[in-house]
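Here is the naming used below: chain letters follow the sequence lines, and residue numbers restart at 1 for every chain.
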Amino acid sequence: MAEARRLQSELASRVQTGPPLDLDRVRFVAGADVSTGDEMAYATVAVLRFPELEVVEVRGAGAPLSFPYVPGLLAFREIPSVAEALSRIETPVDAVIFDAQGLAHPRRLGLASHLGLFLDVPSVGCAKSRLTGRFEEPDRKKGSATDLVDRGEVVGRVVRTRDGVSPVFVSVGNRIDLQSAVDLVLACCTRYRLPEPTRQAHNAANRLRRAGGNQESLF
DNA sequence: GCGACAG
DNA sequence: ATCTTGTCGC
């Protein structure tokens, strides 16, 4: 456990904040999520055409759960399945959005940053709740956002993706700047609180788990 | 020691 | 995350 934290601190130095991502040149965005059972984790990656947000590919993978859920160490529990699902994607994606934190992490290496280090594309962390940092509630209208500050540094943005809904926590995963990460997330939230790629992946992961890992459930 | 704590 | 029916709000 202590060893895992040590590894995070070491890898954190390799995370790249920036450069900005030109959304006008983004063609495909992927979303990744995991559904867990008693002893298995089912991960899926959904690729959507951008900015239309139509699903063009969905891939999944199952892996035995060998690590418990410990706040701050989520990556060690979900990486096996997610990494496998990501490797199965054939579409050349321009960015990946994770249902987790990126730099908004105690040691600056949330799952989105950890996995982002092994991807050659920008990664973004978009979590439904806070892990670390302080913030003020953003205004209730869509697009409003406030800084997420931890130990004196801005580690992310608390973003209202729809009028009145609870805000999401956006942070840099790797190879992208915070502003671009927020813009990408907002561009992916046309109908729901969570970005469409993430929603699609979430639904697919649930189906995959309920189907006991049967890949055909993804179609 | 106490409280907080992604999914 | 997962377990679950009805129900409050736009």
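Salt-bridge check for A:Arg151 with A:Glu153: failed, with every basic side-chain N at 4.0 Å or more from each acidic carboxylate O. Look at A:Arg160 and A:Glu137 and you find a salt bridge, because one of the NZ, NE, NH1 or NH2 atoms lies within 4.0 Å of a carboxylate O, short of that distance. For A:Arg140 and A:Asp163, the salt-bridge test fails: no basic side-chain N is under 4.0 Å from an acidic carboxylate O.
Both the sub-6.0 Å distance and the 45° axial angle are not jointly satisfied by A:Arg77 relative to the ring of A:Tyr69.
At the phosphate of B:dA4, neither OP1 nor OP2 sits under 4.0 Å from any side-chain N or O atom of A:Thr132. Contact between the side-chain N/O atoms of A:Lys128 and the OP1/OP2 oxygens of B:dA6 is not found at any separation under 4.0 Å. OP1 or OP2 of C:dT2 sits under 4.0 Å from a side-chain N or O of A:Arg209. An OP1 or OP2 oxygen of C:dT2 is reached within less than 4.0 angstrom by a side-chain nitrogen or oxygen of A:Asn206. Within the structure, a side-chain polar atom (N or O) of A:Arg130 is placed less than 4.0 Å from OP1 or OP2 of B:dC5. In this model, the phosphate group of C:dA1 is approached by a side-chain N or O of A:His202 to a distance below 4.0 Å at OP1 or OP2.
In this structure, A:Leu73 reaches the bases: a heavy-atom distance under 4.0 Å links it to at least one base atom across the strands shown. Residue-level contact check: A:Ala100 touches the bases, meaning some heavy atom is under 4.0 Å from a base atom. When heavy atoms are screened at a 4.0 angstrom cut-off, A:Gly72 is found touching base atoms of the nucleic acid. Nucleic acid contact class of A:Asp99 (heavy atoms, under 4.0 Å, all strands): sugar-phosphate only.
Stacking between A:Tyr69 and B:dG7 is shown: the ring centroid lies under 5.5 Å from the centre of the six-membered base ring, and the planes differ by under 30°.
Between the CZ atom of A:Phe135 and the P atom of B:dA4 there is a distance of 14 Å, given to the nearest Å. The CZ-P distance, from A:Arg160 to C:dC10, rounds to 13 Å in whole Å. Per the geometry, OH belonging to A:Tyr42 stands 21 Å off P belonging to B:dG7, to the nearest Å. Look at CZ on A:Arg134: it is 15 Å from P on B:dA4, rounded to the nearest Å. The CZ atom of A:Arg207 sits 19 Å away from the C1' atom of C:dT2 (whole-angstrom rounding). One can place CZ of A:Arg77 at 10 Å from P of C:dT2, the figure rounded to the nearest angstrom. Note: CG (A:Asp33) to P (B:dA6) measures 15 Å, nearest angstrom. What separates CD of A:Glu78 from P of C:dA1 is a distance of 9 Å, to the nearest Å.
Of the candidates C:dT2, B:dA4, B:dG7, C:dT2 carries the atom nearest the A:Ser35 side chain, counting heavy atoms from C-beta on.
At least one donor-acceptor pair closer than 3.5 Å links the side chain of A:Arg162 to the backbone N or O of A:Thr190.
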